[in-house]
2 protein chains.
Amino acid sequence: MLARSGPPVDVVPVRRDDDTAEVDVLLCDPVGHTVQIEEYLTLVAALTTAPVLVFTWSSSPSSVRRALAAGARGFLSKGASSGDLASAIETVARGGLMSPAASRRARTPKGVAELSAREAEVLDLICAGMSNLEIADQLFVSVNSVKTYVRQIYQKIGVSRRAQAVAWGLAHGF
Amino acid sequence: MLARSGPPVDVVPVRRDDDTAEVDVLLCDPVGHTVQIEEYLTLVAALTTAPVLVFTWSSSPSSVRRALAAGARGFLSKGASSGDLASAIETVARGGLMSPAASRRARTPKGVAELSAREAEVLDLICAGMSNLEIADQLFVSVNSVKTYVRQIYQKIGVSRRAQAVAWGLAHGF
DNA sequence: GCCAGTTTCACCCGAGAGGGTGAGGCATTC
DNA sequence: GAATGCCTCACCCTCTCGGGTGAAACTGGC
């Protein structure tokens with residue numbers, strides 16, 4: 001995704017228990033932790049001296065507010081373009097603050113416009129091959145909630161089974 | 001797939017009831033018709049004056065023999081590279097005969113080496129979002145057979161559910 | 001002819017998915 | 001405050017899938 005952006009960006013996967021990685025900006029998706037986002041970001045910030053850029057599907061003003069208040073230097077929706085992501089990384093690496101107000105225009109990739117943040121999140125995990133129960137575990141919700149999202153997703157993207165949803169999702173940037 | 005090949009090739013979808021399409025080479029996958037491939041190819045040949053290039057997963061010598069005997073000007077495995085496909089189209093368009101002996105080296109794309117032709121065929125249809133029953137209908141076999149293939153595919157590519165198989169398949173050229 | 005691999009099929013059973021209905025709580029907007 | 005959309009959850013039921021077992025027929029190579 002970033003390979004086609006203008007500025008050169010090296011991506012280094014960082015895991016929770018990896019405290020030796022040197023990065024300029026830490027990209028962090030608090031999926032499953034949105035309820036206690038403050039605690040989560042405090043933990044994440046303790047792992048690195050690099051500024052933290054939250055990169056997740058949810059971009060509700062409440063999440064943004066709380067993430068920034070928790071010390072994140074930026075917040076960007078996964079629906080933003082790769083160019084926006086690259087420039088967000090640059091802004092944060094330079095010590096600036098990246099708020100979604102600057103990227104609100106480039107909101108979602110084409111075809112995802114009608115999915116809510118949560119629905120997009122669930123579709124992301126479906127495309128990763130996870131079962132409903134695994135997704136429920138990951139997001140700390142009931143499997144009934146996941147089934148509801150799955151139904152809504154299928155209606156919105158016009159499919160009727162999982163394989164079709166995966167194919168759709170992968171064709172649309174998930 | 002062909003967009004990245006050297007020679008320029010225009011692809012025109014041709015359906016069974018479309019007898020006005022002008023094409024130089026007719027690409028034809030007799031999926032589901034391998035038992036009566038002769039009859040099928042006779043029908044196909046009646047649709048066009050263009051040479052017929054069979055493009056399918058199965059590349060058993062028996063299928064090749066019978067397809068060429070039925071009038072096909074070429075036979076190419078779907079496992080072949082896009083370059084091979086493009087040059088096969090050129091060969092056939094020039095009036096040549098395209099037999100798999102020339103493309104046997106570039107047999108399957110990476111990662112599909114262990115799938116049989118039938119298994120690859122089934123995975124193709126899974127990636128198209130079809131259910132087991134639909135696949136069975138398409139291939140004129142029992143749904144029990146399809147389940148068996150699905151099991152074998154999952155074992156070979158190391159997945160345990162459909163969504164994972166779709167993602168794997170799409171990542172490997174299906 | 002023998003052997004291995006492939007194709008095909010059946011059956012059993014539990015797990016997972018999918019479609020439906022209904023409901024309450026929260027955040028945002030007017 | 002009311003309306004709307006979203007999130008969350010429950011429950012019902014059916015369908016599909018997935019893992020297992022077993023078996024027969026065919027093809028190609030040795």
Side-chain angles (χ1 to χ4, degrees), chain A residues 31-35 37 56-66 104 108 113-123 125-126 129-166, chain B residues 31-35 37 56-66 100 104 113-123 125-126 129-166:
Chain A
V31 55
H33 298 284
T34 48
V35 177
I37 195 168
T56 188
W57 278 109
S58 169
S59 54
S60 67
S62 166
S63 298
V64 175
R65 211 167 42 238
R66 291 160 63 208
R104 194 176 284 269
T108 52
E114 307 86 14
L115 292 180
S116 73
R118 196 62 154 176
E119 285 162 351
E121 201 167 18
V122 171
L123 181 56
L125 300 177
I126 286 173
M130 290 166 73
S131 68
N132 289 342
L133 194 58
E134 286 174 345
I135 294 171
D137 287 344
Q138 173 93 314
L139 300 182
F140 301 104
V141 296
S142 154
V143 70
N144 298 300
S145 305
V146 173
K147 286 183 180 178
T148 301
Y149 292 128
V150 170
R151 276 197 293 265
Q152 287 165 355
I153 290 167
Y154 287 4
Q155 282 169 11
K156 288 184 178 180
I157 67 178
V159 303
S160 56
R161 65 178 71 100
R162 217 164 185 88
Q164 292 169 339
V166 173
Chain B
V31 55
H33 298 283
T34 49
V35 177
I37 196 168
T56 189
W57 277 110
S58 168
S59 54
S60 68
S62 163
S63 299
V64 175
R65 209 165 44 235
R66 291 159 63 206
R104 195 175 286 270
E114 307 86 15
L115 292 180
S116 73
R118 196 61 152 176
E119 287 162 351
E121 201 166 19
V122 171
L123 182 55
L125 300 179
I126 286 174
M130 292 169 69
S131 67
N132 290 342
L133 193 58
E134 286 174 345
I135 293 172
D137 286 345
Q138 173 93 313
L139 300 181
F140 299 104
V141 296
S142 154
V143 71
N144 298 301
S145 305
V146 174
K147 286 183 181 178
T148 301
Y149 293 129
V150 171
R151 277 198 291 266
Q152 287 165 354
I153 290 166
Y154 288 4
Q155 281 169 14
K156 287 184 176 179
I157 66 178
V159 302
S160 56
R161 66 178 72 101
R162 220 166 183 88
Q164 292 170 340
V166 174

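Computed over heavy atoms, backbone and side chain alike; hydrogens, waters and symmetry mates excluded. Proteins come first, then strands; the chains are lettered A, B, ... in the order of their sequence lines, and each starts at number 1.
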| said: Rounded to whole Å, how long is the line connecting atom OH of A:Tyr149 with atom P of C:dG19? | reply: 18 Å
| query | When the distance from CD of B:Gln155 to P of C:dT6 is rounded to whole Å, what number comes out? | reply | 12 Å
| For D:dC7, does either OP1 or OP2 sit under 4.0 Å from a side-chain N or O belonging to A:Ser116? | yes
| field | Interatomic spacing from CD1 in B:Ile153 to OG in B:Ser116 - rounded to 0.5 Å | value | 7.5 Å
| said: Using 0.5 Å steps for rounding, measure from the CZ atom of B:Arg118 to the OH atom of B:Tyr149. | reply: 5.0 Å
| message | Give me each pair satisfying salt bridge (charged side-chain N to carboxylate O under 4.0 Å, His left out) with a member in residues 146-163 of chain A, each pair once, sequence neighbours excluded. | response | A:Glu119-A:Lys156, A:Arg161-B:Glu134
| Could you write nucleotides 9-14 of chain C as a row of B, S and -, 5' to 3', where a protein heavy atom under 4.0 Å of any base atom gives B, of only sugar-phosphate atoms gives S, and otherwise -? | BBB---
| Taking CG from A:Leu123 and P from C:dG18, how many angstroms apart are they, rounded to a whole number? | 12 Å
| Nearest-Å distance, CD1 (B:Ile135) to C1' (D:dG18)? | 14 Å
| note | Here the distance between atom P of C:dA17 and atom CD of A:Gln164, to the nearest Å, is 15 Å
| message | For a side chain to side chain contact (heavy atoms under 4.5 Å, CB included) check, start with the C-alpha distance between A:Leu133 and A:Gln138, then their side-chain angles and the critical distance, and finish with the verdict. | response | CA-CA 9 Å; A:Leu133 194 58; A:Gln138 173 93 314; over 6 Å; no
| query | Between atom CG of A:Leu115 and atom CG of A:Leu123, what is the distance when rounded to the nearest 0.5 Å? | reply | 6.5 Å
| Phosphate OP1/OP2 of D:dG19 contacted by B:Tyr154 side-chain N/O (<4.0 Å) | no
| task | Please identify each residue that fulfils side-chain contact (heavy atoms from CB on, under 4.5 Å) with B:Ser142, with sequence neighbours left out. | result | B:Asn144, B:Ser145
| said: For a 4.5 angstrom cut-off between non-hydrogen side-chain atoms, does B:Leu139 reach B:Leu125? | reply: yes
| task | Can you tell me the distance, in whole Å, between the CG atom of B:Asn132 and the P atom of C:dG16? | result | 17 Å
| task | Scan A:Gln152 against the nucleic acid and name what it touches under 4.0 Å (heavy atoms): base, sugar-phosphate only, or nothing. | result | nothing
| request: Look at A:Arg162 and D:dC17 and indicate whether a side-chain polar atom (N or O) is within less than 4.0 Å of OP1 or OP2. | output: no
| Whole-Å gap separating P (C:dG5) and NZ (B:Lys156) | 10 Å
| task | Return the value, rounded to whole Å, for the distance between atom CD of A:Gln138 and atom C1' of D:dT8. | result | 18 Å
| Does a side-chain heavy-atom distance below 4.5 Å link A:Met130 with A:Val146? | no
| field | Nearest heavy atoms of B:Val166 and A:Ala163, plus distance in Å | value | CG2-CB, 3.6 Å
| query | Could you give the angle between the helix axes at the two ends of the helix from C:dG1-D:dC30 to C:dC30-D:dG1, with five pairs per end, rounded to 10 degrees? | reply | 50°
